[in-house]
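Reviewing the structure listed below.
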Amino acid sequence: MQSTKQLNMEIHQMSEMNRVTVDLGDRTYSVVVGHGAIRETASLLPTTAKRVAVVTQSGIPSSLVPQFPNHQVTVHEIGVGEEHKSLTTIALLCSAFAQAGLTRNDVVVGVGGGMVTDIAGFAAASYHRGIPVVHVATSLLAMIDAAVGGKTGVNIPEGKNLVGAYWQPHGVVCDLDALESLPPREMRCGLGEMAKYHFIARENLDELPFALRIARSIEIKSEIVAADEREGGVRALLNYGHTLAHAIEIETSFEMAHGEAVALGLLFAAHLGEVMGRITSDRVDEHYRVVNEVYGINLAMPEGLVADRLIGAMGRDKKALESITFVLDSATGLEIVPGVREADIRTALTEFVSRLSPQA
Ligand code: GLY
């Protein structure tokens, strides 16, 4: 099992900047990955911008907030905690942008984890019906997932991320220095999400030094987003492991964090694939190897979760179409599989829970 410390030491193996291109025609943008990448932020701003509205959160080290000496800068802190991922926060930000005199030629810069980039992106998508946004991702999860791809949004009482917009950033910065101060639980959440890229790309990403693995994960996501920006098809593969994950998050009232739930969801999806005869036990073992050994995530299912309630929540997942739809593995790769039988889900849940390590 690799500790966070070992992974961070590996991060130093990449000394140069990597640039991943998200190829979307006239909205193509770069994701800059490397140590000190924050210094590239100003070069990613639109040339028209005179004003920069930095959207961030308390707790983000000032060394991770880029400076813009040639621009008029205002800084807007949003609250910490899921309850601030709301339309109220969007309204407050848009008012603050107006008071700062932001025009549609100016730019929003979101500096933080996935919550910040989702909110900054949606505020930028809404203000003046859309102004440019650049993301500076400070968590692993934001680097490899939330900051790239253009989905933005906030929660309403009826559900998480139910209101939002597709709004691609003008550029994304992933400064690997940010990971050195990332709390271990946040690191684990990013690693849970990173594990899915092993199965999406069918690559032994663990053969790459960790820093290059980050860049490769971003590249895998970018290729999928470029192929299917609005999730009409292949983009749904990015939800591998997410159907059970969303149900666990709901049933634990979000006590279990997203990336942790995704790690469990990947293992469950492997069992379901095996129950349905799509993959062999060796492939299930490979899922456990990646999640448990490569990323050191050895979680138990949270106590008190009941199969009926999990299945109910999976059926209500907004990604589900008519029946319960899963992304499942096969001998040739991941596929979107609608109409999965409840009996197979129950069998897979039983097998999954009995195999899980009891340690939290
Ligand atoms: N913003 C995350 C995504 O588009 O997938």
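One-based numbering, in listed order, for ligands and for the atoms of each.
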### Task
Inspect the contact between Arg346 and Asp308 and indicate whether a charged nitrogen and a carboxylate oxygen are less than 4.0 angstrom apart.
yes

### Task
Find all atoms of ligand 1 within a distance of less than 4.0 Å from any non-hydrogen atom belonging to Ala146, and give their numbers and elements.
1 (N), 2 (C)

### Query
Is any N or O atom of Asp145, backbone or side chain, closer than 3.5 Å to an N or O atom of ligand 1?
no

### Task
Quick one: pull up CD in Glu219 and CG in Leu212 and give me the separation to the nearest 0.5 Å.
10.0 Å

### Query
Do any N/O atoms on Lys221 end up under 3.5 angstrom from N/O atoms on ligand 1?
yes

### Query
Once the angle between the rings of Tyr295 and His198 is folded into 0 to 90°, is it parallel (under 30°), tilted (30 to 60°) or perpendicular (over 60°)?
perpendicular

### contact_flag Val148 ligand 1 heavy-atom lt 4.0 Å
yes

### Query
Considering distance alone, does some N or O of Arg235 sit under 3.5 Å from an N or O of ligand 1?
yes

### Query
Counting only heavy atoms not in Arg289, do more than 12 sit closer than 6.0 Å to its CZ atom?
yes

### Message
Can you confirm whether or not the ring centre of His271 sits under 6.0 Å from the ring centre of His287?
### Response
no

